[in-house]
Amino acid sequence: MTDPYGFLKTPRRPVPARPVQERLSDWNEVYAGQARLPLVSEQAGRCMDCGIPFCHSGCPLGNLIPEWNAYARKSDWWAAAERLHATNNFPEFTGRLCPAPCEDACVLTINADPVTIKNVEQAIADQIWARGYATPQPPGRLSGKTVAIVGSGPAGLAAAQQLTRVGHTVAVYERADRIGGLLRYGIPAFKMEKRHLDRRLEQMRAEGTRFRTGVEVGSDLDATELAERNDAVVIAVGATGQRELPVPGRELYGIHQAMDYLTLANRVAEGDHDVPVVTAEGKHVVIIGGGDTGSDCLGTVLRQGAASVVQLDINPEPGDTRRDTEPWPVYPKVYRISHAHEEARGREGADPRFFSSATLCFEGDRSGHVRALRLAEVEPEGRRPRLETERVIPSDLVLLALGFFGPERGTGLTRQLGLTLDGRGNFARDAAFAAETAESAERTARTGTGGVFIAGDAGRGQSLVVWAIAEGRSAAAAADRYLNGSTVLPAPIAPQDRPLVA
């Protein structure tokens, strides 16, 4: 265990990000080149080694946080790597992209500052690769069974790696030209450089996983045929249906969905274009939506050289502390500053967010291009616009970051496999299947169509990368049990599991 008095002796000190002006001048990660190990080992010593580690409950993967904290404290990176990989296929992704609900569930959070769990996880993940601990793990023998994975985001990749390692022949189908899903084209490089994704894919190829890009199942390849020629199919296409904003002027040029904009920006980083097809350079930008996607857009437009940027959030500004309705250990809605918000404040001197704000309409010029946005404050209850608060702000580029309503509707994949939607608008999973197995109803990811399983946001709805990986691991366990009658693969979550709430 770590020093039982470490949390009393050592104050919380997160790894510092690079200076704002430095990181705005490139697309490298905000922590690139920052010294970690001495600070991280010291911070890992703050872990209390609790009798009941609630950080486990805050993480859907069930990460063994106190264990790898203890090993990181002693700089035993091999043991820390083994404990981290025991529950998480891709800690180099989660250590960079997860908002760390485990830290809000840390016991220290009750009356002090939590352990810097995310920093420790990223440091261990980086040591895994730096020290050669991420060697391929091909199966000792093949099962003779084939599995098709549709979608190559974190859920699909996690399911593929788990199923490959137990001996099944796995092929991953991706409609884009590169593997990775939103990890590839939705996440900006300043949050996660693509080399982390590329080297993990090379490991998976060495283990035997096959990848097929540029293939849209349901269109380029008949989904029924795919299901017939494979013993199981895992659907991990994500929740890519983008929410719209039906207000007057939406048809004007210069208004784009956030994910379309981020994809074009990431293609520049991939070398597909010299300059972005849609750029914020010299423009007055308005981002509509206060979530992570909006923050990603904010960091991107700042690096492209926007003249100004405003982010609209329909929700009221949160307080700095937990409300009584959000007690520990739930993930609270408190005022948070992302790296992008920090960058915008450093340049403009103020938070770029307008809280409790709703868009009424867009205004354009004679050529049909957006030039302004009319907004109003909204009432705390009911979110009705207060018309006496109307104002107009300039906007040459508008990005809609309103979230996702679930998997895309009416696709060939949906029709050909007979997939249905549940009450939340996601692909339905069949609890009745569990009665035929030794596993409880809560542990199946099956759809009701023979040998077809749902993983990730396609069945859960828009969520976090840790939930996607956990979904992939659970779907792999369900598919392996279907193929073999039993499984040794872990299933960390059930389809109906949700984050901790009060």
Side-chain angles (χ1 to χ4, degrees), residues 17-18 20-30 182 184-194 242-245 247 249-313 337-354 357 359 362-365 367-375 392-403:
R18 292 188 293 144
V20 166
Q21 291 307 314
E22 177 186 324
R23 63 187 196 243
L24 281 178
S25 66
D26 59 42
W27 292 86
N28 299 330
E29 290 179 7
V30 297
L182 293 185
R184 175 71 65 184
Y185 289 128
I187 301 296
F190 57 80
K191 288 183 70 174
M192 189 183 80
E193 295 171 10
K194 306 312 171 187
Q242 302 177 95
R243 297 186 189 279
E244 261 297 345
L245 184 62
V247 299
R250 170 62 182 90
E251 74 284 354
L252 292 169
Y253 294 111
I255 303 174
H256 304 271
Q257 284 286 355
M259 199 53 61
D260 298 339
Y261 167 74
L262 290 172
T263 296
L264 293 171
N266 275 310
R267 285 194 173 277
V268 174
E270 292 284 357
D272 295 343
H273 308 292
D274 293 330
V275 294
V277 176
V278 176
T279 181
E281 183 177 4
K283 296 179 180 178
H284 299 290
V285 182
V286 178
I287 301 166
I288 303 178
D292 289 342
T293 302
S295 177
D296 292 345
C297 288
L298 178 61
T300 302
V301 302
L302 291 172
R303 283 163 176 78
Q304 289 182 346
S308 68
V309 60
V310 169
Q311 184 177 8
L312 305 183
D313 191 335
I337 298 290
S338 72
H339 291 298
H341 296 134
E342 182 185 33
E343 292 159 2
R345 293 205 304 182
R347 195 181 78 158
E348 305 290 344
D351 194 317
R353 289 172 287 186
F354 291 179
S357 298
T359 303
F362 300 108
E363 299 176 1
D365 58 19
S367 64
H369 197 287
V370 66
R371 284 292 176 260
L373 178 150
R374 185 177 296 274
L375 61 84
V392 177
I393 58 176
S395 53
D396 306 311
L397 174 64
V398 177
L399 303 174
L400 305 181
L402 302 171

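Any value given below was found using the heavy atoms of this structure, including those in side chains, with hydrogens, waters and symmetry copies removed.
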- [ ] Apply side chain to side chain contact (heavy atoms under 4.5 Å, CB included) to the pair F190 and N28, showing each step before the final yes or no.
- [x] CA-CA 5 Å; F190 57 80; N28 299 330; over 6 Å; no
Task: Trace of the side chain to side chain contact (heavy atoms under 4.5 Å, CB included) decision for V268 with D274 - done: CA-CA 6 Å; V268 174; D274 293 330; over 6 Å; no
Open item on the list: With side chain to side chain contact (heavy atoms under 4.5 Å, CB included) as the criterion, how do I288 and L373 come out once you've worked through the C-alpha distance, each side chain's angles and the decisive distance to 0.1 Å?
Closed with: CA-CA 11 Å; I288 303 178; L373 178 150; 3.8 Å; yes
Open item on the list: Could you check whether any side-chain heavy atom of Q311 comes within less than 4.5 Å of a side-chain heavy atom of F354, counting everything from C-beta outward?
Closed with: no
- [ ] Could you tell me whether the side chain of Q304 and the main chain of A280 form a donor-acceptor pair under 3.5 Å?
- [x] yes
Open item on the list: Any donor-acceptor pair under 3.5 Å linking the side-chain atoms of S308 with those of H284?
Closed with: yes
- [ ] Might you work through the side chain to side chain contact (heavy atoms under 4.5 Å, CB included) test for T293 and L262, ending with a clear yes or no?
- [x] CA-CA 9 Å; T293 302; L262 290 172; 4.0 Å; yes
Open item on the list: If I take atom CZ from residue R243 and atom CG from residue L402, how far apart are they, to the nearest 0.5 angstrom?
Closed with: 8.5 Å
Task: Reported CD-to-CD distance for the pair Q242 and Q257, which is rounded to 0.5 angstrom - done: 4.0 Å
Open item on the list: Is any side-chain heavy atom of V370 closer than 4.5 Å to one of D396?
Closed with: no
Open item on the list: Minimum heavy-atom separation for P352 and L298, please, with both atom names.
Closed with: CG-CD2, 3.8 Å
Open item on the list: Does any part of the side chain of V285, heavy atoms only, come nearer than 4.5 Å to the side chain of S395, both counted from C-beta?
Closed with: no
Open item on the list: Just to verify, what does H369 make a side chain to side chain donor-acceptor pair (under 3.5 Å) with, not counting sequence neighbours?
Closed with: R371
Task: Greater than 12 external heavy atoms within 6.0 Å of E244's CD - done: yes
TODO: Compare all side-chain heavy atoms of E343 with those of R303 and state whether any distance is below 4.5 angstrom.
DONE: yes
Task: Least distance between heavy atoms, Y261 atom then C297 atom - done: CD2-SG, 4.2 Å
Open item on the list: Does any part of the side chain of K194, heavy atoms only, come nearer than 4.5 Å to the side chain of N266, both counted from C-beta?
Closed with: yes
Open item on the list: Any side-chain to backbone donor/acceptor pair from D260 onto T263? Under 3.5 Å, distance only.
Closed with: no
TODO: Salt-bridge test for E29 and R18: reply yes if a basic N is under 4.0 Å from a carboxylate O, no otherwise.
DONE: no
Task: L400 and H256, any side-chain heavy atoms less than 4.5 Å apart - done: no
TODO: Look up atom CG in L182 and atom CE in M259, then write down how far apart they are to the nearest 0.5 Å.
DONE: 5.0 Å
Open item on the list: Is the terminal nitrogen or CZ of R267 (NZ for Lys, CZ for Arg) located under 6.0 angstrom from the six-membered ring centre of Y185 and within 45° of that ring's axis?
Closed with: yes
Task: Residue pair L375 / L312, side-chain heavy-atom distance below 4.5 Å - done: yes
Open item on the list: Which residue in the set V301, V309, L397 passes side-chain contact (heavy atoms from CB on, under 4.5 Å) when paired with K283?
Closed with: L397
Task: Heavy-atom side-chain contact between I287 and V310 under 4.5 Å - done: no
Open item on the list: I need the minimum non-hydrogen distance between A340 and G299, along with the two atoms involved.
Closed with: CB-N, 3.6 Å
Open item on the list: Using a 3.5 Å distance criterion without hydrogens, assess whether the side chain of T279 forms a donor-acceptor pair with backbone atoms of P276.
Closed with: no
Open item on the list: Just verifying a value: how many Å separate L302 CG and H341 NE2, rounded to the nearest 0.5 Å?
Closed with: 10.0 Å
Task: NE2-NZ distance between H339 and K191, expressed to the nearest 0.5 angstrom - done: 9.0 Å
Open item on the list: Looking at every heavy atom in both G368 and L252, which two are closest together, and how far apart are they?
Closed with: O-CD2, 3.4 Å
- [ ] Could you pull out the closest heavy-atom pair between R353 and I337, with the gap in Å?
- [x] NH2-CD1, 3.4 Å
